Chemist: 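Before we start, here is the structure in question, set down as structure tokens.
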Amino acid sequence: MRILSIVGNRPQFIKSAPLSLALRNRAEEVVLHTGQHYDHELSQVFFDELGLDPPKHRLEAGSGSHAEQTARMLPGIEAAVVEEKPDIVLVYGDTNSTLAGALAASKLRVPVAHVEAGLRSFDRTMPEELNRVLVDRVSSLLFAPSESAVSNLENEGITEGVHDVGDVMLDANLRLAPIARERSQALELAGVEPGGYALVTVHREANTREPALGRIVEGLNALEEPVVFPLHPRTAGAIESLGLQLAGHVHPRPPAGYLDFAALASQARVILTDSGGVQKEAYWYAVPCVSLRENTEWVETVATGWNRLVGTDPAAIAAAAREAGPGSDHPPLYGDGHAADLIADVLCTMEHA
Ligand code: UD1
Ligand code: UDP
């Protein structure tokens, strides 16, 4: 079995780590990095920390409008598919790199396997939602993290090739979070104590412009505890260019590596975020989450009471953060930490089918 894996963004490097490990000795995997994320803190740090092999193919898609960025990836992915002749092209999540990988492979009639299939926020104003729908439509193997993701696919008439395997992010999380708490000095460096701070991430397109970003900052400025705020470069740029002022208790930090972020997230009193991955991680750490969004594709985190959707209203953000507490119960969500093995099993059985 010859697999070409397409990665390009921070969460994809993380998601690929457990699967690359599970495929080692069982399949030939070649990795292509689209270059969508290129700063050291958004890219190389994850290869170093997670022990990932350097990608064989590196494109330089960089930043730009959605169409421009996606288009810049296509010729390089197409060339790699032609050169590598994979049995399957593996794509992760819902970013423009995911879409480009799925599009290039399906046009060459190479089967696509989608890890994190079936997620839906039902909000087509999000660029990611379009990517999810389009990628699932052209995928032959759909690795869903939950029953609700399987139902979403069923509702769109997609039932062939669907496997409910859980979430590869949980695999990474279970393996690395305990090490992170032992080794990371991120809390000391941020000057905070376990359980004594809020952790915040913001990077969604809609939240990094006005009026949303100003409202989020106003909400954070109204909190009464230290706020650790690792800044995605787009958010850092927007705060500066819009002239937004962070209050003294809000500590801007560079983007964290995986281990530092795991240490910060697992020991926060509350997490405020518009990230998809961070909502799940908050749940797995049993840290209450306030989502700076009106909807989520990770609906189970809300249904169990551990995650509240508040959007960008400053008063609602401050109130939800203040009141944040444990949910009603804490059932296991998104698998049992063996999603990568299950995916590798399916991929490697295909070969003998
Ligand atoms: C992208 C994904 C998003 C995912 C996120 C993970 C899409 C449409 N969006 O969002 O789904 O949640 O990655 O983190 O694919 N920039 C830098 N350095 C970098 C990369 C980006 O400074 O290494 C800045 C540039 O100004 C760029 C902006 O961040 O224009 C946005 O980057 P982009 O990759 O387009 O989107 P993300 O917000 O990172
Ligand atoms: N993350 C990180 N450092 C940070 C912020 C997030 O390592 O400063 C990790 C986080 O632990 C999670 C992943 O990045 O595993 C989530 O990625 P992101 O929020 O960029 O994208 P999304 O999940 O929304 O697609």
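These figures come from a predicted structure and were not determined experimentally. Indexing begins at 1, ligand by ligand and atom by atom, following the structure's order. As a basis for the values below, the full set of heavy atoms in this structure was taken, side chains included, without hydrogen atoms, waters or symmetry mates.
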Chemist: What are the two closest non-hydrogen atoms of Ala186 and Leu264, and how far apart are they?
Modeler: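 Looking at all heavy atoms of both residues, the closest pair is CB-CG, 3.8 Å.
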Chemist: So, does Gly93 sit close enough to ligand 2 that a heavy atom of it is under 4.0 Å from the ligand?
Modeler: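 No heavy atom of Gly93 comes that close to ligand 2.
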Chemist: Would you mind telling me if ligand 1 is within reach of the side chain of Gln69, the backbone, both or neither, using heavy atoms under 4.0 Å?
Modeler: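 Contact part for Gln69 vs ligand 1: side chain (C-beta onward).
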Chemist: Mark up the atoms of ligand 2 that fall under 4.0 Å of a heavy atom belonging to Pro230, in ascending order.
Modeler: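 That gives atoms 8 (O) of ligand 2.
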Chemist: Is the shortest distance from a heavy atom of Arg204 to ligand 2 less than 4.0 Å?
Modeler: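 Right, Arg204 reaches ligand 2.
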Chemist: For ligand 1, is there an atom lying under 4.0 Å from some heavy atom of Arg204?
Modeler: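 Yes, Arg204 has a heavy atom closer than 4.0 Å to ligand 1.
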Chemist: If you apply the rule side-chain hydrogen bond (donor to acceptor under 3.5 Å, both in side chains), what do you find for Ser63 with Tyr38, and how did you get there?
Modeler: CA-CA 9 Å; Ser63 306; Tyr38 44 87; 2.7 Å; yes
Chemist: Quick one: are Leu333 and Trp298 in side-chain contact, heavy atoms under 4.5 Å?
Modeler: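 They are not in contact (no side-chain heavy atoms under 4.5 Å apart), so the answer is no.
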Chemist: Provide the number and element of each atom of ligand 2 under 4.0 Å from a heavy atom of Gly257.
Modeler: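 That gives atoms 7 (O) of ligand 2.
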Chemist: Please determine whether any non-hydrogen atom of Glu41 lies less than 4.0 Å from an atom of ligand 1.
Modeler: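 It does not, in that no heavy atom of Glu41 comes within the 4.0 Å cut-off of ligand 1.
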Chemist: Between Asp87 (side chain) and Arg2 (backbone), is there a donor-acceptor pair under 3.5 Å?
Modeler: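 A pair under 3.5 Å: yes.
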Chemist: So which heavy atom in the protein is nearest atom 23 (O) of ligand 2, and how far is it from that ligand atom?
Modeler: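 Answer for atom 23 (O) of ligand 2: Gly277 N, 2.8 Å.
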Chemist: Could you tell me the residue and atom name of the protein heavy atom closest to atom 3 (N) of ligand 2, and the distance to it rounded to 0.1 Å?
Modeler: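 The closest one turns out to be Ala256 O, 2.7 Å.
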Chemist: Under 4.0 Å from a heavy atom of Leu42: give me the atoms of ligand 1 that qualify, with their elements.
Modeler: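 Listed by number with element, the hits are 19 (C), 20 (C), 23 (O).
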Chemist: Using a heavy-atom cut-off of under 4.0 Å, does the side chain or the backbone of Asn9 touch ligand 1, or both, or neither?
Modeler: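 It is the side chain that gets close, since no backbone atom is under 4.0 Å.
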Chemist: Counting only N and O atoms by type, is there a donor-acceptor contact under 3.5 Å from the side chain of Asp274 to the main-chain atoms of Asn207?
Modeler: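 No; judged by distance alone, with no hydrogens or angles, the pair does not exist.
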Chemist: Tell me every residue that passes side-chain hydrogen bond (donor to acceptor under 3.5 Å, both in side chains) with Asn96, counting only those two or more places apart in sequence or in another chain.
Modeler: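 His66, Gln69, Asn131.
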Chemist: Do His114 side-chain atoms and Gly93 backbone N/O form a donor-acceptor pair below 3.5 Å?
Modeler: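 Looks like yes, one N/O pair under 3.5 Å.
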Chemist: Among protein heavy atoms, which sits nearest to atom 16 (C) of ligand 2, and what does the distance come to when rounded to 0.1 Å?
Modeler: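 Ranked first by proximity to atom 16 (C) of ligand 2 is Ser275 OG, 3.9 Å.
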Chemist: Give the residue, atom name and distance (to 0.1 Å) of the protein heavy atom nearest atom 30 (O) of ligand 1.
Modeler: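 Answer for atom 30 (O) of ligand 1: Ser63 CB, 3.4 Å.
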Chemist: Taking all non-hydrogen atoms of both residues, which atom of Ala117 and which atom of Pro145 are closest, and how far apart?
Modeler: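 Between these two residues, the closest heavy atoms are O-CD, 3.4 Å.
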Chemist: Run the side-chain hydrogen bond (donor to acceptor under 3.5 Å, both in side chains) test on Thr98 and Gln12 for me, step by step, so that the C-alpha distance in whole Å, both residues' side-chain angles and the decisive distance to 0.1 Å come before the verdict.
Modeler: CA-CA 9 Å; Thr98 321; Gln12 293 169 344; 3.0 Å; yes
Chemist: Using a 4.0 Å cut-off to any heavy atom of Met169, which atoms of ligand 2 qualify?
Modeler: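 With Met169 as reference, the close atoms of ligand 2 come out as 12 (C), 13 (C), 15 (O).
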Chemist: So which protein heavy atom does atom 7 (C) of ligand 1 come closest to, and at what separation?
Modeler: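 It is Gln36 NE2, 3.6 Å.
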Chemist: Under a 3.5 Å distance rule, please check whether Asp53 uses its side chain to pair with a backbone N or O of Val31 as donor and acceptor.
Modeler: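 Pair absent, no side-chain N/O of Asp53 close to backbone of Val31.
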Chemist: Please indicate whether any nitrogen or oxygen in Ser97 is less than 3.5 Å from any nitrogen or oxygen in ligand 1.
Modeler: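 No - when backbone and side-chain N and O of Ser97 are compared with those of ligand 1, no distance drops under 3.5 Å.
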Chemist: Students should be able to answer this: which protein heavy-atom is nearest to atom 32 (O) of ligand 1, and at what distance?
Modeler: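 Result: His232 CE1, 4.3 Å.
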Chemist: Let me know which of Ile77, Leu99, Leu59 forms a side chain to side chain contact (heavy atoms under 4.5 Å, CB included) with Ile6.
Modeler: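 Answer to the side chain to side chain contact (heavy atoms under 4.5 Å, CB included) test with Ile6 among Ile77, Leu99, Leu59: Ile77.
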Chemist: Kindly indicate whether the side chain of Leu176, heavy atoms from C-beta on, has any atom under 4.5 Å from the side chain of Leu50.
Modeler: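 Counting from C-beta outward, Leu176 and Leu50 do come under 4.5 Å.
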Chemist: May I ask you to identify the nearest protein heavy atom to atom 25 (O) of ligand 2, giving residue, atom name and distance to one decimal place in Å?
Modeler: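 Protein heavy atom at minimum distance: Pro11 CG, 3.6 Å.
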Chemist: Short question: side chain of Asp329, backbone of Pro331 - any donor-acceptor pair under 3.5 Å?
Modeler: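 Not a single qualifying donor-acceptor pair exists.
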Chemist: Which ligand 1 atoms does His66 reach within 4.0 Å, using its non-hydrogen atoms?
Modeler: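 Going through ligand 1 atom by atom, the ones under 4.0 Å from His66 are 8 (C).
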Chemist: Please list the nearest protein heavy atom to atom 24 (O) of ligand 2 with its residue and the distance rounded to 0.1 Å.
Modeler: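 Atom 24 (O) of ligand 2 sits closest to the protein heavy atom Gly276 N, 2.9 Å.
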Chemist: Looking at Tyr258, which atoms of ligand 2 are within less than 4.0 Å of one of its heavy atoms?
Modeler: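 The atoms of ligand 2 under 4.0 Å from a heavy atom of Tyr258 are 7 (O), 15 (O).
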Chemist: Do His232 and Thr208 have side-chain N/O donor and acceptor atoms under 3.5 Å apart?
Modeler: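 On atom types as modelled, these side chains do not qualify, holding no pair under 3.5 Å.
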Chemist: Can you check salt bridge (charged side-chain N to carboxylate O under 4.0 Å, His left out) on Asp260 and Arg253, steps first, answer last?
Modeler: CA-CA 11 Å; Asp260 282 346; Arg253 308 282 308 159; over 6 Å; no
Chemist: May I ask you to check whether Arg234 has an N/O atom sitting below 3.5 Å from an N/O atom of ligand 1?
Modeler: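 N/O-N/O distance below 3.5 Å exists for this pair.
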Chemist: Could an N or O of ligand 2 be found under 3.5 Å from any N or O of Asp274, whether backbone or side chain?
Modeler: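 Checking ligand 2 against Asp274, no N or O pair falls under 3.5 Å apart.
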Chemist: Identify, for atom 9 (C) of ligand 2, the protein heavy atom at the shortest distance, and state residue, atom and that distance.
Modeler: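 Result: Ile14 CD1, 3.8 Å.
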Chemist: Mark up the atoms of ligand 2 that fall under 4.0 Å of a heavy atom belonging to His203, in ascending order.
Modeler: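 Answer, ordered by atom number: 18 (P), 19 (O), 20 (O), 21 (O), 24 (O).
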Chemist: For atom 22 (O) of ligand 1, which protein heavy atom lies nearest, and how many Å away is it?
Modeler: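 Here the nearest protein heavy atom works out to Pro233 CB, 3.2 Å.
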Chemist: Where the side chain of Ser106 meets the backbone of Leu103, is there a donor-acceptor pair that is under 3.5 Å apart?
Modeler: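 Side chain of Ser106 to backbone of Leu103: a pair is present.
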Chemist: Using side-chain heavy atoms (C-beta onward) and a distance below 4.5 Å, is Gln267 in contact with Tyr197?
Modeler: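 Of all side-chain heavy-atom pairs linking Tyr197 with Gln267, at least one is under 4.5 Å.
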Chemist: Where's the contact between Pro11 and ligand 1, heavy-atom distance under 4.0 Å: side chain, backbone, both or neither?
Modeler: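 For Pro11, only side-chain atoms sit under 4.0 Å from ligand 1.
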Chemist: Return the closest protein heavy atom for atom 16 (N) of ligand 1 as residue, atom name and distance.
Modeler: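 Sorting protein heavy atoms by distance from atom 16 (N) of ligand 1 puts Tyr38 OH, 3.6 Å first.
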Chemist: Using heavy atoms and a threshold below 4.0 Å, how should the contact between His203 and ligand 1 be classified: side chain, backbone, both, or neither?
Modeler: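 Within the 4.0 Å criterion, His203 contacts ligand 1 through backbone and side-chain atoms alike.
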Chemist: Counting heavy atoms only, which part of Thr95 comes closer than 4.0 Å to ligand 1: side chain, backbone, both or neither?
Modeler: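 Both the backbone and the side chain of Thr95 come within reach of ligand 1.
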Chemist: For atom 15 (O) of ligand 1, what is the nearest protein heavy atom, given as residue, atom name and distance?
Modeler: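 Looking at atom 15 (O) of ligand 1, the protein heavy atom closest to it is Asn96 N, 2.8 Å.
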Chemist: Assess His232 for proximity to ligand 2: is some non-hydrogen atom of it under 4.0 Å away?
Modeler: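 In this structure, His232 fails to qualify as a contact of ligand 2 - no heavy atom is under 4.0 Å.
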Chemist: Nearest protein heavy atom to atom 14 (O) of ligand 1, by residue and atom, and its distance?
Modeler: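 Sorting protein heavy atoms by distance from atom 14 (O) of ligand 1 puts His37 CE1, 3.2 Å first.
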Chemist: Glu129 side chain to Met126 main-chain N or O, any donor-acceptor pair under 3.5 Å?
Modeler: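 Not at all, since once roles are kept as given, no pair shorter than 3.5 Å links the two residues.
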Chemist: Can you tell me if Thr235 uses its side chain to pair, donor with acceptor, with the backbone of Val202 under 3.5 Å?
Modeler: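 Between the backbone of Val202 and the side chain of Thr235 there is a qualifying donor-acceptor contact (under 3.5 Å).
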Chemist: So which heavy atom in the protein is nearest atom 9 (N) of ligand 1, and how far is it from that ligand atom?
Modeler: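 Its nearest protein heavy-atom neighbour is Glu128 OE2, 3.5 Å.
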Chemist: Measure the distance from atom 15 (O) of ligand 2 to every protein heavy atom, then report the residue, atom name and distance (to 0.1 Å) of the closest one.
Modeler: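 I find the closest protein heavy atom is Glu281 OE2, 2.6 Å.
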Chemist: Backbone or side chain, does any N or O of Phe46 fall under 3.5 Å from an N or O of ligand 2?
Modeler: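 Between Phe46 and ligand 2, no N or O pair is found under 3.5 Å apart.
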Chemist: Are any side-chain N or O atoms of Glu300 and backbone N or O atoms of Thr304, one a donor and one an acceptor, separated by less than 3.5 Å?
Modeler: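 Looks like no, no N/O pair under 3.5 Å.
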